[in-house]
Asks: 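I have a structure I would like to understand better, so I am pasting it below and will then ask my questions one at a time.
One-based numbering along the sequence shown. In this text, all values refer to a predicted model and were calculated from it rather than measured experimentally.
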Amino acid sequence: MIKIKFLQFYSGLSKNEKKDFGKFVSSAYYNKGRDFSAFLTAVEKNLPKAETAAEMISGLSQSLVCTNRSVWNRLHELKTLAERYIVDKELSRNELLSGNLVSSYYINRSEYGLFRQKVNSAQKKFRTTKKGIDSNYHYYQLILQLGNSYIYQNKTEPFIRNLTEQVVYHSASYIINHYIHLIELLQQGNLSGKDLAEKGLNFLNDSNTEAFLKTLKENYNELFCQVSFHYNIYKAFLVKNDSAYYHNSLKYFELASETANDAYRSTFYQLLINYCIERTNNNEPQYYKELFRLYNKKLSEGLIQDLQVGNFPINNFRDYIFVALQLGELEWIKSFIQNYSQYLPPNVREDEINLSYGILYYNEGKHEKAIISLNKVAGENYIHYMDSKYYKMRLFYETNRYEEAILEIDSYKHYLRQHKEIPETFAKPYKQFIKDYLSLMNILLKGSKDDAEIFASGLRSKTQSPRKKWILKKAEELAKKH
C-alpha cells in the first residue's frame, strides 16, 4: 500500500463512497472555493499503476501539469477534508451523539427553550430506538447537560432526580465496558481471575454488582437485562467449571436483544461464541453443537458484519466452516460458501473460497480436487497460507506423495521463521503439527511397529486438538500395519 495518508483513506472507499466523498468536497463550505474534481480524477487514473509514493506523486504531477509541491499541498488539503467527511458520516449515523452536540451548543448560549426542546426530542428518541453499546453513555451525557441546566436555573428537586439517573446510566455504561475489557484480558492477556484480583482490576465485586442489578430491575429493566448479560458472561469466562453463568447469559441475551441494534447484538453473539470456542479449546467438544446453533441463529438474523471485515484473523468466515466440520455438516458448508462468500471483502474472497472448497473436498474424500483448490490459494495473509499448507501436508501423506510432503514441510518451516509478525499463540500449534508430522513420516519411512505404538501412546496422553487427532489416527494405522 502507498503510504500517503489521503490515498490510504481513499483506497478504502467503495465506489458509492467515493462518489459520496466527491459530492462532499465539491461543497464550497468545505473546499474554500477549490475544485478538487480534476485531482480526484487523476488519483483514480494513477492509483492502480503506482507502486510507491514517489511514483504516485510523479504521476499526479504529470497528469495535472503541476509541481510535486502542489500535489503534496492538495493531498494535505484532501486529508483534512477526509477527516471532516468521516466526522460528518459518523455523526449522521449517531443521532444521540449529534443531538448532544446541538444541545450543548444551546445550553452554552443560555438558549434554554431550544435546549429543552432538543432534550425532549432526544429522550423520546432514546426510549424508542434500538440501543448500541455506547448508547447508555451518550444518554448519560445528555442528562448531564440537563442536570447542568437545572443548576443554572436553580431547580433543585429536578436536579436531584436527574442526578440519580446520571449515576444509573453512567454506572451501567461503565460496568458493561468494564466486563467486556476483563473478558478480553482473560482471553488475550492469558490472565486468570487470581491475576485480575492481584492487579486490582476486578474491583467490582459480586455483591456490589448484584445490589446494583437489584436497583436496575426495579426501575430500569432495559439496563437490567444488558448489565445482567455482561455480568453473567464475564462470570462464565471467570468460573470455568460452572456452566450456570453461561446459561444465565443466554437468558439475558434474548431479553437484551429485543432493544439492541444490530451492532450490539453482534457483540452479544461474539461474546457467547468466544466462550464456546474457549470451551472447545479446553477439550469440551459438546460445545461445538452450541457454536453451530449460535452461528445459524446469527446468520438467520442477518448479522454478517464479521464476514465483511477485511482484517484477519478478525474475519470469522473460516470459523463457521471449522465448527461445521467438527459436526460433519458438509452440505451445510457447501451452502454456506455459496451463500455467504459474496460478502467477503474482495481482497480476501478468492483465497477464502479456494481454501474453503479445498477443505470441503478433502473431507469429502475428493483428494485431487482438494489439492487443485488449495494450490490456488495465494496465501497473502498468514492464516490462509498456513491453513492451506496444513491441509496439503495431510493430502500428500494420504495420497502417498511423500517427496512433496517433505518439500511442503521445508516450505512451512521457512515461512514460520521468516514471518515474525505471526502471533506465537497462533503459530505454536502449527509448529507442533510440523514436529509431529515429521515424527510420523520418519516412522512411516524408517520406523517399526514399536516406534508407531510408542508415538501413538505419547499422543493419547496429550490434549486432542483436531491436528493431534489426525496425527494420532495415522500413527495408530501405522502401528497396525507394521
Side-chain angles (χ1 to χ4, degrees), residues 29 83-84 86-182 200-231 256 258-261 263-264 267:
Y29 179 80
E83 290 170 352
R84 293 287 297 271
I86 291 168
V87 171
D88 182 78
K89 298 302 290 185
E90 290 304 306
L91 283 174
S92 69
R93 294 189 185 104
N94 194 327
E95 291 187 43
L96 197 55
L97 177 58
S98 59
N100 284 351
L101 291 173
V102 174
S103 58
S104 177
Y105 175 85
Y106 287 146
I107 198 172
N108 288 335
R109 298 176 72 89
S110 300
E111 297 283 359
Y112 296 120
L114 290 171
F115 169 77
R116 188 69 223 193
Q117 289 175 22
K118 190 65 182 176
V119 168
N120 288 343
S121 173
Q123 287 182 309
K124 183 179 179 181
K125 192 86 173 176
F126 179 77
R127 287 191 291 269
T128 57
T129 56
K130 300 285 188 181
K131 307 300 188 297
I133 199 166
D134 56 353
S135 295
N136 293 326
Y137 183 72
H138 290 317
Y139 186 68
Y140 154 72
Q141 290 180 312
L142 177 71
I143 56 180
L144 173 64
Q145 292 177 2
L146 181 58
N148 290 337
S149 76
Y150 289 142
I151 293 174
Y152 300 152
Q153 298 173 83
N154 296 314
K155 295 181 178 180
T156 305
E157 289 185 12
F159 171 70
I160 292 171
R161 290 194 299 272
N162 168 275
L163 194 57
T164 301
E165 194 174 22
Q166 284 185 45
V167 171
V168 166
Y169 276 94
H170 190 261
S171 298
S173 173
Y174 176 82
I175 289 171
I176 287 169
N177 282 284
H178 184 65
Y179 283 137
I180 288 173
H181 295 150
L182 289 182
L201 297 174
N202 62 344
F203 52 82
L204 278 176
N205 60 50
D206 292 354
S207 58
N208 287 342
T209 300
E210 287 165 9
F212 182 60
L213 284 170
K214 185 177 179 182
T215 298
L216 294 181
K217 189 173 184 180
E218 292 170 357
N219 300 293
Y220 302 89
N221 187 63
E222 184 176 79
L223 290 178
F224 168 74
C225 295
Q226 293 172 6
V227 176
S228 293
F229 168 80
H230 288 283
Y231 170 63
E258 293 175 7
T259 57
N261 62 20
Y264 198 6
T267 298

Asks: For the residue pair Tyr264 and His230, does the interplanar ring angle fall in the parallel (under 30°), tilted (30 to 60°) or perpendicular (over 60°) class?
Replies: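 Tyr264 and His230: parallel rings.
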Asks: Rounded to the nearest 0.5 Å, what separation is found between the CG atom of Leu142 and the CG atom of Leu97?
Replies: 11.0 Å
Asks: Between CG of Asn177 and CG of Asn136, what distance do you get to the nearest 0.5 Å?
Replies: 9.5 Å
Asks: Test: side chain to side chain donor-acceptor pair (under 3.5 Å). Region: residues 144-159. Which pairs qualify, not counting sequence neighbours?
Replies: Ser103-Gln145, Arg116-Tyr150
Asks: Counting N and O atoms only, with roles assigned by atom type, does the side chain of Lys89 sit under 3.5 Å from a partner on the main chain of Val87, one being a donor and the other an acceptor?
Replies: no
Asks: Can you measure from CD1 (Ile107) to CG (Leu146) and round to the nearest 0.5 angstrom?
Replies: 8.0 Å
Asks: Taking only residues two or more places apart in sequence, or in another chain, which ones meet Arg127 in a salt bridge (Lys or Arg N to Asp or Glu O under 4.0 Å)?
Replies: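 Partners of Arg127 by the salt bridge (Lys or Arg N to Asp or Glu O under 4.0 Å) criterion come out as none, since no residue qualifies.
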Asks: Any donor-acceptor pair under 3.5 Å linking the side-chain atoms of Tyr139 with those of Ser173?
Replies: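 No, Tyr139 and Ser173 have no side-chain donor paired with an acceptor closer than 3.5 Å.
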Asks: Please report the interatomic distance OG1(Thr215) to CG(Asn219), rounded to the nearest 0.5 Å.
Replies: 7.5 Å
Asks: Looking at side-chain heavy atoms only, is the closest gap between Ile133 and Gln226 below 4.5 Å?
Replies: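 In short, these two side chains do not touch, never coming nearer than 4.5 Å.
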Asks: Using the side-chain contact (heavy atoms from CB on, under 4.5 Å) rule, take Ile143 and Gln123 through it: C-alpha gap first, then chi angles, then the decisive distance, then the call.
Replies: CA-CA 9 Å; Ile143 56 180; Gln123 287 182 309; 4.0 Å; yes
Asks: Working to the nearest 0.5 Å, report the span between CG of Leu216 and OG of Ser228.
Replies: 7.5 Å
Asks: Quick one: do the Tyr106 and Gln117 side chains pair a donor with an acceptor below 3.5 Å?
Replies: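 No, no side-chain donor-acceptor contact under 3.5 Å.
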Asks: Is there a side-chain contact between Asn205 and Thr209 (heavy atoms, below 4.5 Å)?
Replies: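 Not in contact.
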Asks: Looking at side-chain heavy atoms only, is the closest gap between Lys131 and Phe126 below 4.5 Å?
Replies: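 Of all side-chain heavy-atom pairs linking Phe126 with Lys131, at least one is under 4.5 Å.
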Asks: Over all heavy atoms of both residues, which pair between Phe212 and Val168 is shortest? Give the atoms and the distance, please.
Replies: CZ-O, 3.7 Å
Asks: Is it the case that Lys118 places NZ or CZ above or below the six-membered ring of Tyr105, under 6.0 angstrom from the centre and within 45 degrees of the axis?
Replies: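 No.
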Asks: I'd like to check Tyr174 versus Tyr179 (side-chain heavy atoms, cut-off strictly below 4.5 Å). Are they in contact?
Replies: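 Counting from C-beta outward, Tyr174 and Tyr179 never come under 4.5 Å.
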Asks: Is there side-chain contact between Leu204 and Tyr231, with heavy atoms separated by less than 4.5 Å?
Replies: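 No; the side chains remain at least 4.5 Å from each other.
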Asks: Counting only N and O atoms by type, is there a donor-acceptor contact under 3.5 Å from the side chain of Ser98 to the main-chain atoms of Glu95?
Replies: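 Yes, Ser98 side chain to Glu95 backbone: donor-acceptor pair under 3.5 Å.
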Asks: Between OG1 of Thr267 and CD1 of Ile180, what distance do you get to the nearest 0.5 Å?
Replies: 6.5 Å
Asks: Are side-chain N/O atoms of Asn94 and Glu90 paired as donor and acceptor at under 3.5 Å?
Replies: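 Per modelled atom types, Asn94 and Glu90 side chains form no pair under 3.5 Å.
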Asks: What orientation do His178 and Phe203 show, parallel under 30°, tilted 30 to 60°, or perpendicular over 60°?
Replies: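 His178 vs Phe203 ring planes: tilted.
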Asks: Treating Asn162 as the side-chain partner and Leu144 as the backbone partner, does any N or O pair qualify as donor plus acceptor under 3.5 Å?
Replies: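 It does not hold such a pair.
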Asks: Suppose we screen for side-chain contact (heavy atoms from CB on, under 4.5 Å). Which residues come up paired with His170, at least two apart in sequence or across chains?
Replies: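 His170 satisfies side-chain contact (heavy atoms from CB on, under 4.5 Å) with Tyr137, Tyr140 only.
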Asks: Any donor and acceptor pair, going by atom type alone, linking the side chain of Asn108 with main-chain N or O of Ser104 inside 3.5 Å?
Replies: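 Yes, Asn108 side chain to Ser104 backbone: donor-acceptor pair under 3.5 Å.
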